[in-house]
Amino acid sequence: MAVMLKLAAEQYKTLPILANESTCSGKIYIVTGSNSGLGLETARHLVEFKAARVILGVRNLTAGENAKKEIENTTGRKGVIDVWHVDMASYASVQAFAKKASTELDRIDGVVANAGIMVDQWEPVEGMESGIQINVVSTLFLGALMVPKLSEVSKKFNIKPTLVFIVSVLGYTAKAEMDKNRNGDIFANLNDQKRADMDQRYALTKLVEEFAVREFAKFCPVERTGVVIALVAPGLCSTGLGKDARTFTKIMHGGIKAMMARTAEVGSRTILHALIVGEEGHGKLLSGCKIKEYWVPDWISNSEGQQLQQRIWKGLVDKLEKVQPGSITQLS
């Protein structure tokens, strides 16, 4: 509860834009979920700051092309954006996207794994409940598949590319829901419809994702990979997130948004910070354009929390190694 009060107070602060032409000029970025909301505004800033190329990773190509035109019109820069298809509900699509990026791009300075969903109705995809599958499993899968290329880029250009994951401090409100699923096979439990409180599902997906990304960052230290892995909590922002939720969730989420939400543009500034934070942000929670590791609850950082984190990671690795053998083990 304390961290939520801090977040509420911070919602009204003016956030700086820490990236600029000197940090982005000539660089190449990938932003998924970039036809609207935080992804769109992040991509717009990168184009504005003279990035050489920005890849919009989108599920709907028409929406992606419309976003491209909008960014070109507002920035006055053309020939920078490419629109590529990626459906985070499909392992095959994630694999194809990662392969395309790894083979067609000589350099990648940053990957923003922004695509995600807020749903409160049970729907399976790839044999898993859609929120967990898209926000956790597929998102980490994409990150894992991109690390070898980013590591190669690090060595070739003597830089430290950044892999950014979007989390939420709302996840800290889902401890009780997590506790219901922590014993035994965690992902099997998360895929049990009878256990699930779908009104808490989005928060739970963000908590599980944070645990997974933290362990992923430990598994892939910067000293070995040359890749910075950061977690960003952008705060409550006015985006299209939740458009597929039931009326109850729309009313509750929408009402809170109306009172205290940032614009998507202001929220995107937190992502820009993550792209330039460097090694000191590796495996750390970023929010409000600062490292906010002191916001992390003790029940995540203590020994019991760390054991849970390791078990979540092991369960995730087991799932992904079945989909693509070596996708995780090759990173060690």
Side-chain angles (χ1 to χ4, degrees), residues 1-11 116-124 128-137 139-140 165-216 231-237 241-242 244-257 259-261 284-285 287 292-316 318-319:
M1 183 59 70
V3 73
M4 297 305 294
L5 292 174
K6 291 177 183 177
L7 175 65
E10 190 171 84
Q11 283 289 123
I117 60 172
M118 174 188 282
V119 293
D120 52 13
Q121 298 181 74
W122 190 274
E123 179 184 354
M128 194 79 194
E129 186 275 319
S130 61
I132 294 291
Q133 180 63 37
I134 291 170
N135 294 356
V136 182
V137 182
T139 296
L140 270 292
F165 293 92
I166 311 302
V167 296
S168 173
V169 296
L170 282 176
Y172 302 153
T173 68
K175 181 180 185 299
E177 192 69 6
M178 184 74 251
D179 287 344
K180 285 164 48 178
N181 297 283
R182 66 188 302 150
N183 296 321
D185 186 329
I186 293 176
F187 280 91
N189 293 341
L190 293 170
N191 206 33
D192 183 349
Q193 188 173 0
K194 294 179 180 179
R195 289 175 181 259
D197 177 354
M198 292 305 292
D199 289 329
Q200 283 283 306
R201 180 60 35 150
Y202 176 73
L204 180 61
T205 68
K206 288 294 152 179
L207 178 57
V208 177
E209 181 187 10
E210 178 165 340
F211 273 124
V213 174
R214 285 178 175 278
E215 197 63 23
F216 183 35
L231 308 86
V232 180
L236 185 62
C237 304
L241 190 68
D244 297 322
R246 289 181 287 118
T247 302
F248 172 78
T249 301
K250 286 182 179 179
I251 291 173
M252 293 299 293
H253 195 64
I256 294 172
K257 274 186 177 181
M259 290 188 290
M260 57 186 294
K284 305 288 181 61
L285 177 70
S287 187
K292 292 286 182 66
E293 197 67 6
Y294 57 88
W295 275 17
V296 181
D298 290 343
W299 52 265
I300 287 180
S301 58
N302 65 20
S303 59
E304 187 177 349
Q306 289 302 290
Q307 289 174 13
L308 175 59
Q309 179 170 301
Q310 292 165 12
R311 289 180 57 237
I312 287 172
W313 175 248
K314 182 181 184 304
L316 183 63
D318 289 345
K319 286 180 69 66

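Hydrogens, waters and symmetry mates are skipped; everything else that's a heavy atom, side chains included, is used. Because the structure is a prediction, the values reported are computed rather than measured. In this chain, numbering begins with 1 at the start of the sequence shown.
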Report task. May I ask you to decide whether D318 forms a salt bridge with K314, counting only side-chain N to carboxylate O separations under 4.0 Å? Result -> yes
Query raised in the report: So, K206 side chain and V169 main chain: donor-acceptor pair closer than 3.5 Å or not?
Result: no
Query raised in the report: Could you state the interatomic distance from CG (N135) to OG (S168), rounded to the nearest 0.5 Å?
Result: 10.5 Å
Report task. Describe, in one word, how the ring planes of F216 and W313 are oriented to each other, choosing from parallel (under 30°), tilted (30 to 60°) and perpendicular (over 60°). Result -> parallel
**Report entry** For V119 against S130, the heavy-atom pair lying closest together
**Finding:** CG2-OG, 3.7 Å
Query raised in the report: If we ignore angles and hydrogens, is there a donor and acceptor under 3.5 Å between the side chains of E177 and Q200?
Result: no
Report summary line: Smallest heavy-atom separation, A196 atom then W122 atom, equals CB-CZ3, 3.7 Å
Query raised in the report: Hey, is R182 close enough to E304 for a salt bridge, meaning N to O under 4.0 Å?
Result: yes
Requested in this report: Would you check if the side chain of E210 reaches a backbone N or O of G171 as a donor-acceptor pair within less than 3.5 Å?
Outcome: no
Query - Flag side-chain contact, heavy atom, 4.5 Å: N189 against R195 - result: yes
Query - Rounded distance [0.5 Å steps], OG1 in T173 versus CE in M178 - result: 13.0 Å
Requested in this report: For residues Y172 and I300, determine if any side-chain heavy atom of one lies less than 4.5 Å from a side-chain heavy atom of the other.
Outcome: yes
Query raised in the report: What is the distance from atom NZ of K180 to atom CG of L204, rounded to the nearest 0.5 Å?
Result: 8.5 Å
Query - N-O pairing of E209 and R214 below 4.0 Å - result: no
Report task. Begin with the C-alpha distance, continue with both residues' side-chain angles, and end with the deciding distance and a verdict on side-chain contact (heavy atoms from CB on, under 4.5 Å) for V137 and K319. Result -> CA-CA 8 Å; V137 182; K319 286 180 69 66; 4.1 Å; yes
Report summary line: dist M198:CE -> E123:CD (nearest 0.5 Å) comes out at 9.5 Å
Report task. Using modelled atom types only, decide if a donor and an acceptor are shared between the side chain of R201 and the backbone of I132 within a distance under 3.5 Å. Result -> no
**Report entry** Nearest atoms (heavy-atom pairs only) where Y202 meets I117
**Finding:** CD1-O, 3.4 Å
Query raised in the report: If you measure from CG on D192 to CG on N181, what distance do you get to the nearest 0.5 Å?
Result: 8.0 Å
Query raised in the report: Pick from V232, V208, L285, T205: which one makes a side-chain contact (heavy atoms from CB on, under 4.5 Å) with V167?
Result: L285
Report task. With rounding to the nearest 0.5 Å, note down the distance linking CG in L231 to CD in E293. Result -> 8.0 Å
Query raised in the report: Can you name the closest pair of heavy atoms from I134 and G116 and give their distance?
Result: CG2-CA, 4.2 Å
Report summary line: Closest non-hydrogen atoms of F187 and M128, given as atom of the first, atom of the second and distance, are O-CE, 3.2 Å
Query - Which atom of A212 lies closest to which atom of L316, heavy atoms considered - result: CB-CD2, 4.0 Å
